[in-house]
Amino acid sequence: MLPWRSLAATAAVKLRPFAPSQVRLGPGPVLDAAEVNRRFLVAQDPDRLLHNFRVNAKLASAAAPLGGWEAPGNELRGHYVGHYLSACALVSATRGDGQLKDRADRMVAVLAECQRAHGNGYLSAFPEELFDRLRADRPVWAPFYTIHKIMAGLLDMHTLAGSAQALEVVRGMARWTARWTQPLGDAAMARVLEREYGGMNEILYDLAAVTGEAEWREVAQRFDHERIFRALAEGRDELKGLHVNTTIPKIIGAARRYELTGEARYRRIAEYFWRQVTERRCYATGGTSNNESWNAGPGVLSTELSGYTQECCVTYNLLKLTRHVLSWTGDPACAEYYERALWNGILGTQHPRDGSKLYYVPLASGYWKLFGAPQADYWCCTGSGSESFAKLGDSIYFHDDAGLTVNLFIASELRWDERGMTWIQDTRFPVEPRTRLTVRTAKPTALQLRIRVPSWVERGGAATLNGKPLDGFAAPGGYFVIDRTWHDGDRVDVALPMGLSLCPMPDDPGLQAILYGPLVLAARMGTAGLGPDTLRAEPTRPRTVPEYKRDGLAMPALTGRAPWVRRADQTSLRFATVGSGAPRELVPLYQVLDERYAVYFRGSGS
Ligand SMILES: [Zn+2]
C-alpha cells in the first residue's frame with residue numbers, strides 16, 4: 001500500500017510510513033488515549049458542526065450553534081469541521097470504525113450540497129466577503145487557514161476513508177482558490193501570505209500528488225512564502241518574532257514541494273528549519289513557542305517559561321514535519337524527537353474524563369493544565385488535538401525495501417500484507433523498560449529488523465532472539481539491526497534500561513528539567529485555589545520556581561543523572577525527591593491533571 005498522503009513522492013525517500021490501517025494499537029496508555037478521543041469525536045453533533053456551513057449556503061438548519069471558535073460570527077468558524085473529518089477518517093482507517101466513517105460520509109454529502117448552493121466551488125462556514133477583506137488588506141482573522149483545514153479533512157476522507165465525493169468537493173475548492181489567486185500579482189499575493197494561511201501550499205501539493213493533476217502544483221506555489229523561505233534556504237535562523245503555528249505549516253508545504261518536484265532547495269529549507277527548531281528552540285518536552293511566538297534568538301529559552309508555552313498545534317505540526325525529515329534521512333534523531341514530543345507534548349493534552357483538549361502546556365511553575373470545555377471552545381488546538389489522538393500509531397513503524405524500522409515502544413500490531421507478515425509488539429513501556437516483538441509469517445522471510453536504541457538507554461541495553469542473547473547491541477542513539485530469515489513465531493526481546501537525567505536550559509544551565517527515559521517529570525504542587533471554575537479559566541500568576549538542595553553533591557553533568565530524585569517503586573511511574581526537606585512527589589508530565597505542577601527546577605547554588 002502506498003504511504004498515506006505521499007502518493008506521488010518522486011524524491012529519494014529512505015523510510016516510508018505504513019498506512020494508518022496497517023497499525024493497530026494494543027493495550028496501554030496510548031490506546032486508552034485514542035479511546036478517549038474516539039468517544040470525544042462520537043459525542044460531537046454533526047448537525048451542530050454543520051450549522052454555519054448550511055446557514056452560509058442559505059440552506060435550512062435547525063441545529064443549535066456551537067460556541068467558541070465555532071460560534072456564528074467567529075471568523076474561524078468551520079475550521080474544526082476540517083479537523084473533525086481528518087480525525088474521523090483516521091479513526092475509521094486505524095480501527096475500522098464504521099460509525100464515524102458513516103457520519104463523516106454524511107457530513108461530506110452536506111458539505112457538497114453547501115458547495116453546490118454557492119455555485120462557484122466556494123465552501124466555507126463564513127461568507128466570501130472575508131476573502132474580499134483579505135484581498136483589500138483590511139482586518140480579517142485567517143480565512144485561508146480555515147479553508148486549509150476543510151480541504152485537508154476532505155482529502156483525508158478521500159485517501160483514508162475512500163470517499164470519492166470528498167475528492168470532488170476538494171477539487172472544487174482548489175478551483176475556487178486558483179481563480180481567487182490568479183488575478184493577484186506577486187506583490188499582492190505576498191501581502192496575502194502575511195496573514196496566517198495554514199498549510200495551503202501543503203494541501204495543494206497533496207492534491208497534486210493524489211490526483212496526478214499538475215495544475216495544483218502551480219496554485220500551491222502561490223502559497224510558498226518566499227519571505228520566510230529565503231533565510232532558511234541559506235541556513236539562517238531569522239525566526240525571532242514569528243508566530244510559530246503560522247510558520248510550521250508553510251515549512252511542511254516546502255517539504256511536500258521537495259517530495260513532489262525533487263527541488264533540493266525545499267528540502268534544505270525544511271531540514272534546516274527542523275534541526276534549528278528541535279535542537280535550539282524546543283523545551284525539554286519537545287514543545288516550542290511562548291505566547292504563540294518565538295520571542296528570542298536560538299538557544300534562549302529560560303526567559304520564555306509561562307502559562308502559554310508550547311501551543312499544542314505547534315507540537316502537532318512539528319511532529320508532521322518530523323515524519324518528512326525522518327523519511328528522507330532515516331536519522332534516529334528524528335525518531336528520538338518524535339518520542340519526546342509525543343509523550344510530553346501530545347499524550348497528557350486531553351482530559352481522560354471527556355476528551356477535552358489543551359491549548360497550551362504551561363511550563364512556568366505553579367500553573368495547571370487548562371482544558372477547553374466540550375461543545376464550547378473549539379480552539380485551533382481542539383482541532384489539531386482531535387487529529388493527534390486519532391493517529392497515535394502512525395510513527396511506530398517505518399519500512400524500506402530491505403526491512404522494518406521500529407521507532408517507538410508502544411503496544412501494537414503491524415499488518416504488513418505486502419510481505420505476508422504481522423509483527424506484534426508487546427510492551428508495558430514506559431512502566432517497564434523493555435519490549436517484545438513477535439513475528440507471524442506464513443513462510444520464512446529474509447528481512448532486516450532495525451530497532452531504535454534511544455540515547456536515553458542506560459547501561460545494560462540488550463536483546464535476545466527466541467531467548468538466546470544477541471551480540472553487538474547498538475550504542476544509544478542508533479539502531480540495533482538483526483538481518484536474518486524470520487520464521488513464524490520468532491521473538492525478539494529488547495531491554496531498554498531507563499534512568500534519570502537532567503535537561504538544562506541552554507541559556508541557564510542551573511534551570512533544569514528532570515527526565516526518566518524520554519518522560520519529562522513534573523513535581524506535583526497541589527490544588528490550592530483550584531476548583532471546577534478555575535480549571536476552566538485562564539491560568540493566573542505563577543508561583544515561584546521550586547528550589548531543592550542537592551546535599552552538597554557536585555553539580556551533575558548537564559545530561560547526567562538527577563541525584564536528588566528516585567523512583568518510588570518499580571510498578572508505577574512515581575518519583576520522589578531525596579535529601580533535605582519534605583519529599584515532593586514527581587510524576588510524568590503526561591499524567592498530570594487538575595493540579596498545579598512544575599517542570600523546571602533550580603538547584604540551589606547553581
Ligand atoms: Zn492551536
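This is a predicted model, so every value here is computed, not measured. Just so you know, ligand 1 is whichever comes first in the structure, and atom 1 is the first atom listed for that ligand.
Scanning for salt bridge (Lys or Arg N to Asp or Glu O under 4.0 Å) contacts around Glu271 gives Arg267, Arg275, with sequence neighbours left out. Every residue two or more places apart in sequence or in another chain that forms a side chain to side chain contact (heavy atoms under 4.5 Å, CB included) with Phe126 is listed here: Arg77, Tyr122, Ser124, Leu130, Phe131, Pro143, Thr146. Contacts of Arg524 classified as salt bridge (Lys or Arg N to Asp or Glu O under 4.0 Å), with partners at least two apart in sequence or in another chain: Glu585, Glu595.
Cation-pi check for Lys369 over Phe371 is not met; the charged atom does not lie both under 6.0 angstrom from the ring centroid and within 45 degrees of its normal. A cation-pi arrangement is absent between Lys250 and Phe273 under the rule of less than 6.0 angstrom and at most 45 degrees off the ring axis.
Taking both residues in full, the closest heavy atoms of Ala390 and Ala87 are given as CB-O, 3.8 Å, listed atom of the first, atom of the second, then distance.
Of all protein atoms, those of element N, O or S that lie under 2.8 Å from the Zn ion (ligand 1) number 4.
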